[in-house]
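Working notes, beginning with the structure itself.
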Amino acid sequence: MKNRRLAFALIAQAAISFAAMTGVAHAQSDYPTKPVKIIVPFPPGGTSDVMGRMLADELTKILKQPFIVENIAGAGGTIGTDRASKMTPDGYTLIQTGVGQNAVAHGLDANLKYNSMRDFVHISQIHSGPNVLVVHPATPYKSVKDVVAYAKANPGKLDYGFTHAASGHMAMELFKQTAGIYMTGISYRGGGPMLTDILGGTIPMMFINQDAALPHVKAGKLRPLAVTSAQRNPLYPDVPTIAESGYKGFEALSWSGISAIKGTPQPIVDKLEAAVAQAMQSEAIKQRMGSVGFIIPAQGSKPYTAFVKQEIDTWTRVIKTAGLKAE
């Protein structure tokens, strides 16, 4: 009798376990069954927010559930990213990852509360775009060679503007290290005031995102000297890359992607990876990205994960060499 009761108990336990496993598998295959939140760790209106909402719109169409952007801004994207890293890894909270919060931050802050490689599953890169080295048209500089020649002949006498830890700041630090020049940086709290000052001639030069620079370049108010991507940008077909200007291998990009919290079930990650790849081939996204000079990178978790690691290594090295600290 005792053996029979034990047998019944084992059968019952096996049935419960099977039902639970079947339920989990069913939940994963049906994903998503409710709205999905995408945390964008920056304020509304900027490039990061635009990219996050653009992807959310397409994923909503493909996966038949609302993908809703939640902006959690602060500290260069690290506050929202840290908060996301602590959320339930069930696929219903995603995080927009990017160059500042997931690469530059590791070089600036030795005590960063999250690890971009250990705490997230990187699903796919979404956008990539260069900065443009621009000068005020009243300056005599017509090329990168002109800037480097003046800076070498006059160490510290050539000024530039930067916003701390932004992609343009990192591009400038890499440029100075690569060219072996010393220039004086003037720090700004945001890109808006910095743009106002270069347009007014207060500062002679800076790196700026290609989409933000374009209207002023077209109006003749800024002169573009080079782009920081490996290839020329479609918005600036006549502007050489810095690599073409004599610094082979130079590349400094503004980029973002979409990631999940570590521990998210693989079937859900796979489903999201396929859906993002489909979304990035939509005509709406291709037209919107092309119109502002952004490139759609190679899709998928494997290339994006490798790219994030590469960016962490690059910017940690540049930041250490420059002696930069978090503000």
Side-chain angles (χ1 to χ4, degrees), residues 25 27-42 47-70 77 81 84 87 89-99 101-103 116-117 119-130 211 229-231 233-234 251 253-312:
Q28 293 175 9
S29 64
D30 279 359
Y31 171 89
T33 58
K34 61 182 181 179
V36 178
K37 177 169 61 181
I38 298 177
I39 293 177
V40 171
F42 295 97
T47 299
S48 294
D49 183 61
V50 169
M51 292 294 153
R53 292 179 188 278
M54 176 185 72
L55 180 63
D57 288 346
E58 291 302 317
L59 290 178
T60 295
K61 296 174 189 175
I62 293 167
L63 293 175
K64 312 301 182 187
Q65 284 287 345
F67 278 69
I68 302 166
V69 166
E70 179 181 352
T81 306
M87 293 189 177
D90 57 4
Y92 288 96
T93 299
L94 305 177
I95 176 69
Q96 183 195 52
T97 37
V99 58
Q101 66 272 35
N102 294 99
S116 294
M117 298 307 296
D119 295 336
F120 302 101
V121 178
H122 299 303
I123 295 169
S124 195
Q125 191 175 353
I126 303 306
H127 92 278
S128 174
D211 53 335
S229 47
Q231 293 82 32
N233 187 268
E251 187 174 37
L253 301 171
S254 171
W255 55 267
S256 74
I258 193 75
S259 303
I261 294 91
K262 191 73 172 181
T264 300
Q266 191 61 45
I268 291 178
V269 172
D270 293 343
K271 196 166 189 176
L272 284 165
E273 183 178 359
V276 171
Q278 182 180 340
M280 297 308 295
Q281 290 305 309
S282 72
E283 286 303 316
I285 285 186
K286 288 195 289 188
Q287 289 177 11
R288 191 167 189 178
M289 296 272 276
S291 69
V292 290
F294 285 122
I295 305 302
I296 298 175
Q299 293 295 290
S301 180
K302 188 174 181 179
Y304 187 38
T305 301
F307 178 75
V308 173
K309 177 65 168 62
Q310 174 187 310
E311 286 284 281
I312 291 171

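Just so we're clear, the structure is a prediction, and the values are computed from it rather than from any experiment.
- Between Phe120 and Thr81 there is a side-chain heavy-atom pair separated by less than 4.5 Å.
- By the neighbour-count criterion of 12 heavy atoms within 6.0 Å, atom NZ of Lys302 is sparsely surrounded, having that number or fewer from other residues, nucleotides or ligands.
- We find the NZ-CG distance between Lys262 and Asp119 to be 9.0 Å, quoted to the nearest 0.5 Å.
- Closest approach of Leu94 and Ala260 over heavy atoms only: CD2-CB, 4.0 Å.
- Looking only at distances, no side-chain donor or acceptor of Glu273 sits under 3.5 Å from a matching main-chain atom of Gly300.
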**Request:** Show your reasoning for whether side chain to side chain contact (heavy atoms under 4.5 Å, CB included) applies to Val99 and Leu253.
**Result:** CA-CA 8 Å; Val99 58; Leu253 301 171; over 6 Å; no

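- When atom types are taken as modelled, the side chain of Lys309 and the backbone of Met117 share no donor-acceptor pair closer than 3.5 angstrom.
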**Message:** side chain to side chain contact (heavy atoms under 4.5 Å, CB included), that's the test. Do Lys271 and Leu63 meet it? Break it down for me.
**Reply:** CA-CA 9 Å; Lys271 196 166 189 176; Leu63 293 175; 4.3 Å; yes

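- Within the 4.5 Å cutoff, the side chain of Thr47 has heavy atoms near those of the Met51 side chain.
- For the residue pair Gln299 and Ser124, a side-chain donor N or O sits within less than 3.5 Å of a side-chain acceptor on the partner.
- In this structure, CZ in Phe294 is found 11.0 Å from CZ in Arg288, a value given to the nearest 0.5 Å.
- Atom CD1 of Ile285 and atom CG of Asp57 lie 8.5 Å apart (nearest 0.5 Å).
- At a cut-off of 3.5 Å, with distance as the only test, no side-chain donor of Ser259 or Tyr304 sits close to an acceptor on the other residue.
- Val36 places none of its side-chain heavy atoms less than 4.5 Å from the side chain of Ile68.
- Note that the CD1 atom of Ile95 and the CD1 atom of Ile123 stand 11.0 Å from one another [nearest 0.5 Å].
- Residues His127 and Ile296 are not in side-chain contact: their nearest non-hydrogen atoms beyond the backbone lie 4.5 Å or more apart.
- A salt bridge links Asp49 with Arg53: at least one charged nitrogen is closer than 4.0 Å to a carboxylate oxygen.
- If you take CD1 on Ile39 and CD1 on Ile258, they are separated by 10.0 Å, rounding to the nearest 0.5 Å.
- Minimum interatomic distance between Leu59 and Ala279 (heavy atoms only, all atoms of both residues): CD2-CB, 4.4 Å.
- A heavy-atom distance below 4.5 Å is not found between the side chains of Thr97 and Gln125.
- Using modelled atom types, one finds no donor on one side chain facing an acceptor on the other under 3.5 Å when comparing Ser48 with Ser256.
- Glu58 approaches Ala284 most closely through the heavy-atom pair OE2-CB, 3.8 Å.
- Counting only heavy atoms from C-beta outward, the side chains of Tyr31 and Gln65 never approach each other to under 4.5 Å.
- A cation-pi arrangement is present between Lys34 and Tyr92 under the rule of less than 6.0 angstrom and at most 45 degrees off the ring axis.
- Nearest heavy-atom pair, Pro130 versus Asn233, reported as atom, atom and distance to 0.1 Å: CD-ND2, 3.4 Å.
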**Request:** Using the side chain to side chain contact (heavy atoms under 4.5 Å, CB included) rule, take Ile295 and Gln231 through it: C-alpha gap first, then chi angles, then the decisive distance, then the call.
**Result:** CA-CA 11 Å; Ile295 305 302; Gln231 293 82 32; over 6 Å; no

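- Val276 approaches Ile126 most closely through the heavy-atom pair CG1-CD1, 3.8 Å.
- The side-chain heavy atoms of Glu70 and Ile38, taken from C-beta on, include no pair separated by under 4.5 Å.
- Using a 3.5 Å distance cut-off with no hydrogens or angles, the side chains of Ser116 and Asn102 do pair a donor with an acceptor.
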**Item:** Step-by-step side chain to side chain contact (heavy atoms under 4.5 Å, CB included) determination, Met289 to Met280
**Value:** CA-CA 10 Å; Met289 296 272 276; Met280 297 308 295; 4.1 Å; yes

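- The heavy-atom pair separating Met87 from Ile261 by the smallest distance is O-CG2, 3.6 Å.
- Checking side-chain atoms of Gln101 against main-chain N and O of Gln96 turns up a donor-acceptor pair under 3.5 Å.
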